[in-house]
Amino acid sequence: MRVIEAVRWSPAGDAVRIIDQTLLPERYEERELRTLDELCDAIARLAVRGAPAIGVAGAIGLVVSLQPFAADPPAALRARLKEHADRIRATRPTAVNLPWAMSRMLARAACVDGDQRALLDALRREATEILEEDRAMCRRIGEFGLPLLPDGARVLTHCNAGALATGGIGTALAPIYLATESGRYIEVLVDETRPLLQGSRLTAWELSRAGVPVRVIADNMAASLMRAGRVDLCMVGADRIAANGDVANKIGTYGLAVLARHHGIPFYVAAPSSTFDAALEGGHQIEIEQRARDEIARGFGRVTVPDGVPVESPAFDVTPAELVTAIVSDRGVHRAPYDFSGLGAR
Ligand code: MRU
């Protein structure tokens with residue numbers, strides 16, 4: 001399997017290296033982000049995207065954005081650290097991985113009482129740990145999810161919860177990669193995932209590149225395919241999971257879960273520890289990011305909604321826990337009644 005590294009340190013260690021996902025599948029281009037503006041812009045435009053990947057990019061980006069200020073007095077550097085972390089945290093509100101990563105970085109800084117060099121070295125180590133832990137968590141999600149995928153399974157997924165969305169082999173796609181690697185035949189159906197087409201542009205790109213059979217469907221086809229018996233199970237990612245098991249994920253996930261329940265099809269969610277938010281009782285407390293009108297009204301570079309007509313553009317929705325068959329994390333397969341202790345922010 002050819003590994004995609006969606007987010008990592010640049011070889012010189014002075015930038016965040018990302019694959020610019022706005023260009024896929026037409027063009028493969030990597031970019032190096034050095035300044036706070038470059039980082040926040042890349043996260044906001046979804047050049048780097050997916051809950052775990054933005055957490056990792058935020059952590060590495062925080063360190064590199066502080067390099068020009070390395071000679072500032074310690075108090076000024078710490079003030080800037082806080083200011084940069086706050087700005088990065090605010091770029092996208094729904095995925096908890098971003099505030100989770102920023103809290104970890106600030107907590108690490110709070111434990112350092114040395115000079116500026118010691119502070120920046122500690123932050124660099126923390127960001128590297130966040131990246132490496134994410135890789136390891138993806139792998140474990142894959143291993144825990146593997147028994148859910150029998151040979152020949154036809155899996156419906158939504159958006160992109162693969163290698164492009166993480167520092168590793170993905171979350172929802174991790175069991176699919178491992179099953180394929182171990183010789184099982186797994187066939188993936190992916191919703192195109194309007195309006196930004198993460199399913200057709202990104203999931204189809206990375207799976208086909210890895211040799212996993214994948215077929216793209218328009219978002220409105222899932223119901224009839226389920227009715228025709230062409231879907232064995234659904235496997236999706238998550239941006240934030242509340243203590244009661246409610247799951248925020250890409251807009252359209254909830255609809256899929258309703259359809260799966262109606263057709264008696266298992267609906268699985270896969271997510272690393274960093275996506276659990278024990279501070280929230282339920283999904284109603286999750287802030288849903290609203291995206292720009294033009295992502296719908298100027299789809300495909302054309303006028304797709306008449307000028308002056310308002311649109312709704314939530315990036316995510318919340319699937320209630322009762323529609324989720326099980327949640328696969330790096331700690332195991334969780335079923336209701338949920339006990340997520342040990343998962344989430346530390
Ligand atoms: O807006 P995006 O592309 O960042 O949304 C991504 C998703 O909804 C993913 O399913 C989720 O972040 C999980 S990624 C492992």
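Whatever order the structure lists them in is the order used to number ligands and atoms, beginning at 1.
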Pair E289 + R291: basic N to acidic O under 4.0 Å: yes
A315 touching ligand 1 at heavy-atom level, < 4.0 angstrom: no
Nearest neighbour in protein (non-hydrogen) for atom 14 (S) of ligand 1: A165 CB, 3.5 Å
Close-contact set for ligand 1 against A51 heavy atoms, below 4.0 Å: 12 (O), 14 (S)
Derivation of the salt bridge (charged side-chain N to carboxylate O under 4.0 Å, His left out) call for R135 and E133: CA-CA 5 Å; R135 272 192 198 132; E133 284 172 25; over 6 Å; no
Proximity flag A95 to ligand 1, non-hydrogen atoms under 4.0 Å: no
Side chain, backbone, both or neither: T253 near ligand 1, heavy atoms under 4.0 Å: neither
Distance from atom 13 (C) of ligand 1 to nearest protein heavy atom, with residue and atom: A238 O, 3.3 Å
Remaining members of the apolar cluster that contains L280, side-chain heavy atoms under 4.5 Å: I286, I288, F316, V318
Identity and separation of the nearest protein heavy atom to atom 3 (O) of ligand 1: R49 NE, 2.5 Å
E5/R17 ion pair, N-O < 4.0 Å: no
Protein heavy atom at shortest distance from atom 15 (C) of ligand 1: T171 OG1, 3.1 Å
Y28 and W205 aromatic ring geometry - parallel, tilted or perpendicular at 30°/60° bounds: parallel
Best match, R92, Q21, H158, R240: closest heavy atom to atom 4 (O) of ligand 1: R92
Closest protein heavy atom to atom 10 (O) of ligand 1, given as residue, atom name and distance to 0.1 Å: N249 OD1, 2.6 Å
Heavy atom of the protein closest to atom 5 (O) of ligand 1 (residue, atom name, distance): K250 CE, 3.3 Å
Close approach of L202 to ligand 1, heavy atoms, under 4.0 angstrom: no
Within-cut-off N or O pair, P52 and ligand 1, under 3.5 Å: no
Side-chain donor-acceptor pair present, N97, T275, cut-off under 3.5 Å: yes
Salt-bridge criterion met for R87 and D37 (N-O under 4.0 Å): yes
Ion pair R154/D232, N-O distance below 4.0 Å: yes
Numbering as shown, the atoms of ligand 1 that approach Q198 to under 4.0 Å (heavy-atom distance): 1 (O), 2 (P), 3 (O)
Test of proximity, G50 against ligand 1: N or O pairs below 3.5 Å: yes
Nearest-contact summary for atom 11 (C) of ligand 1 - protein heavy atom, Å: D239 OD1, 3.1 Å
Which atom of A172 lies closest to which atom of G237, heavy atoms considered: CB-N, 3.8 Å
Which of the ligand 1 atoms, numbered from 1, are nearer than 4.0 Å to a heavy atom of A161: 14 (S), 15 (C)
Salt bridge (charged side-chain N to carboxylate O under 4.0 Å, His left out) between D134 and R139, worked out: CA-CA 9 Å; D134 191 61; R139 188 96 206 159; over 6 Å; no
Residue portion contacting ligand 1 (non-hydrogen atoms closer than 4.0 Å) for C159: side chain
Pair R125 + D121: basic N to acidic O under 4.0 Å: no
